[in-house]
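Residue numbers begin at 1 in each chain, while the letters A, B, ... track the order of the sequences. Not measured: the values here are computed from a predicted model.
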Protein chains: 2
Amino acid sequence: MISLDMANDTDLEQLSEQALSNMARLRPVLDKIADKWTIMILTVLCPKPSRFNEIKRRLHGITHKALADALKRLERNGLVTRTVLPTAPIGVEYAITPLGHSLRQPFEALCAWALDHGDAMTEASAAHDHARKAG
Amino acid sequence: MISLDMANDTDLEQLSEQALSNMARLRPVLDKIADKWTIMILTVLCPKPSRFNEIKRRLHGITHKALADALKRLERNGLVTRTVLPTAPIGVEYAITPLGHSLRQPFEALCAWALDHGDAMTEASAAHDHARKAG
DNA sequence: CCGGATCCGGGGCGATACTG
DNA sequence: CAGTATCGCCCCGGATCCGG
């Protein structure tokens, strides 16, 4: 633990100032990547580049438009590349960039947590609803 | 075309089945936690419990309603607790639960990435826009 | 057939005002 | 100070159409 407990309010102010400035820098980035599809798309793209409908198939549940928009955003942010294949019919291949690849570890940590604690969250929700129903 | 791809697909089908089933389990969890405010709220609550307006002040930019909704969701999912303080005027303290605390590491990884690569993303966006403007 | 753009309706989010 | 209710807008999501 940190000597945080020992700090008085003034010190806490000082400390939180930095936390705040960090968060000010954090917010715009999180706005871009903390979207539920971003994680799953990059996860799909990680092992190998894929085409549009291939991604769509793997993410059964995602909408045509949602996927298109997400891919556009990811491309704009430099996380994936978009390559038109000279095939007939036309094919478009999406690949993950090094920058996008660097996101893999954080995302994996998050996914691992999700798999580990997803049930706990479900139980918590159920318990909460039950209590609310009882109350 | 491409019976070759189909052969590949069959093998990949096997492999991706697991990835898919993982992702099927992932999706509902990510739906709950992969929200941009969740991360920042838990980050704020991590060092010490805080009251409503205290959180709001630290997240300058968040709306009253957004914060209220997010806190309700977090409480429902067992990530934070809500305690009414017997003070006058009434105060409510939000604290992080062990479950919520277990999210800290994944989130820290994500935040670290954001701080490291945020600029790269910004540059990428700018470059993309510039190219688009030129085209 | 594949990938993308457009249009429109509904839900979510933000701002304000009010209660305890 | 904390929370809810209401309204209005925007944006997301679904359907349809277009180009290759």
Side-chain angles (χ1 to χ4, degrees), chain A residues 9 27-28 30-41 44-45 49-77 80-95 128 131-132 135, chain B residues 1-6 8-9 27-28 30-41 44-45 48-77 80-95 128 131-132 135:
Chain A
D9 283 349
R27 186 169 44 84
L30 291 179
D31 281 352
K32 290 172 184 151
I33 66 170
D35 158 56
K36 66 178 169 183
W37 293 121
T38 299
I39 301 181
M40 296 169 64
I41 293 176
V44 165
L45 253 45
S50 306
R51 295 175 43 170
F52 188 90
N53 281 321
E54 194 178 351
I55 305 173
K56 186 170 187 294
R57 232 176 297 126
R58 296 227 196 153
L59 298 178
H60 45 147
I62 195 174
T63 309
H64 201 75
K65 183 169 180 289
L67 180 55
D69 291 350
L71 286 172
K72 244 190 291 186
R73 206 178 51 243
L74 290 176
E75 188 200 0
R76 178 173 186 275
N77 292 333
V80 306
T81 59
R82 177 182 177 277
T83 311
V84 177
L85 305 175
T87 60
I90 273 183
V92 179
E93 192 177 73
Y94 292 91
H128 184 83
R132 188 169 177 274
Chain B
M1 8 273 96
I2 331 177
S3 51
L4 185 59
D5 275 5
M6 294 195 54
N8 266 338
D9 275 353
R27 187 169 43 84
L30 291 180
D31 281 353
K32 289 173 185 148
I33 66 170
D35 157 56
K36 65 177 168 183
W37 293 121
T38 300
I39 301 181
M40 298 169 65
I41 293 176
V44 166
L45 289 181
K48 69 172 177 54
S50 305
R51 295 171 50 166
F52 188 89
N53 280 322
E54 193 176 352
I55 305 174
K56 186 171 187 295
R57 233 177 297 124
R58 296 230 198 151
L59 297 180
H60 44 152
I62 195 174
T63 309
H64 200 77
K65 184 168 178 289
L67 180 55
D69 290 350
L71 285 173
K72 243 189 291 185
R73 206 178 50 244
L74 289 176
E75 188 199 358
R76 178 174 186 272
N77 291 333
V80 306
T81 58
R82 177 182 178 277
T83 312
V84 178
L85 306 174
T87 60
I90 275 184
V92 179
E93 193 175 73
Y94 290 92
H128 184 82
R132 189 170 175 274

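- For A:Arg82 and C:dG3, the shortest distance from a side-chain N or O to OP1 or OP2 is not below 4.0 Å.
- Checked against salt bridge (Lys or Arg N to Asp or Glu O under 4.0 Å), A:Arg73 has the following partners two or more places apart in sequence or in another chain: A:Asp35.
- The salt bridge (Lys or Arg N to Asp or Glu O under 4.0 Å) check on B:Arg76 picks up A:Asp129, with sequence neighbours excluded.
- Here A:Lys36 pairs with B:Asp31 under the salt bridge (Lys or Arg N to Asp or Glu O under 4.0 Å) rule; sequence neighbours left out.
- For the helix from C:dC1-D:dG20 to C:dG20-D:dC1, the rotation axes defined at the first and last 5 base pairs enclose an angle of 30°, given to the nearest 10°.
- Contact annotation: A:Asn53 side-chain N/O to C:dG3 OP1/OP2 distance is under 4.0 Å.
- A:Leu71 places its CG atom 11 Å from the C1' atom of C:dG3, with the value rounded to the nearest Å.
- Here A:Pro28 pairs with nothing under the side-chain contact (heavy atoms from CB on, under 4.5 Å) rule; sequence neighbours left out.
- Remark: B:Arg51 is in phosphate contact with D:dA2, judged by side-chain N or O atoms under 4.0 Å from OP1 or OP2.
- Note on B:Lys72: only backbone sugar-phosphate atoms sit closer than 4.0 angstrom, heavy atoms only; bases stay farther off.
- Residues passing the ring pair (Phe, Tyr, Trp, His ring centres under 6.0 Å) test with B:His128, sequence neighbours excluded: none.
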(request) Walk me through it: do A:Arg51 and A:Leu85 pass the test side chain to side chain contact (heavy atoms under 4.5 Å, CB included)? (result) CA-CA 10 Å; A:Arg51 295 175 43 170; A:Leu85 305 175; 4.3 Å; yes
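- How far CH2 of B:Trp37 is from CG of B:Leu59: 6.0 Å, rounded to the nearest 0.5 Å.
- A straight line from CG of A:Leu85 to P of C:dG4 spans 11 Å, rounded to a whole angstrom.
- Rounded to an integer number of Å, the gap from CG of A:Asp35 to C1' of D:dC11 is 13 Å.
- For the OP1/OP2 pair of D:dC1 and a distance below 4.0 Å, the side-chain nitrogens and oxygens of B:Tyr94 include no atom meeting the criterion.
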(request) Any chance you could list the contact pattern along nucleotides 13-20 of chain C? Use B for base contacts, S for sugar-phosphate-only contacts and - for none, protein heavy atoms under 4.0 Å, 5' to 3'. (result) BBB-----
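- Atom CD in A:Glu54 sits roughly 16 Å away from atom C1' in C:dC1 (whole-Å rounding).
- Residues satisfying the salt bridge (Lys or Arg N to Asp or Glu O under 4.0 Å) test with B:Lys65, not counting sequence neighbours, are B:Asp69.
- Under the rule for a side-chain hydrogen bond (donor to acceptor under 3.5 Å, both in side chains), the partners of B:Glu54 that lie at least two apart in sequence or sit in another chain are B:Lys48.
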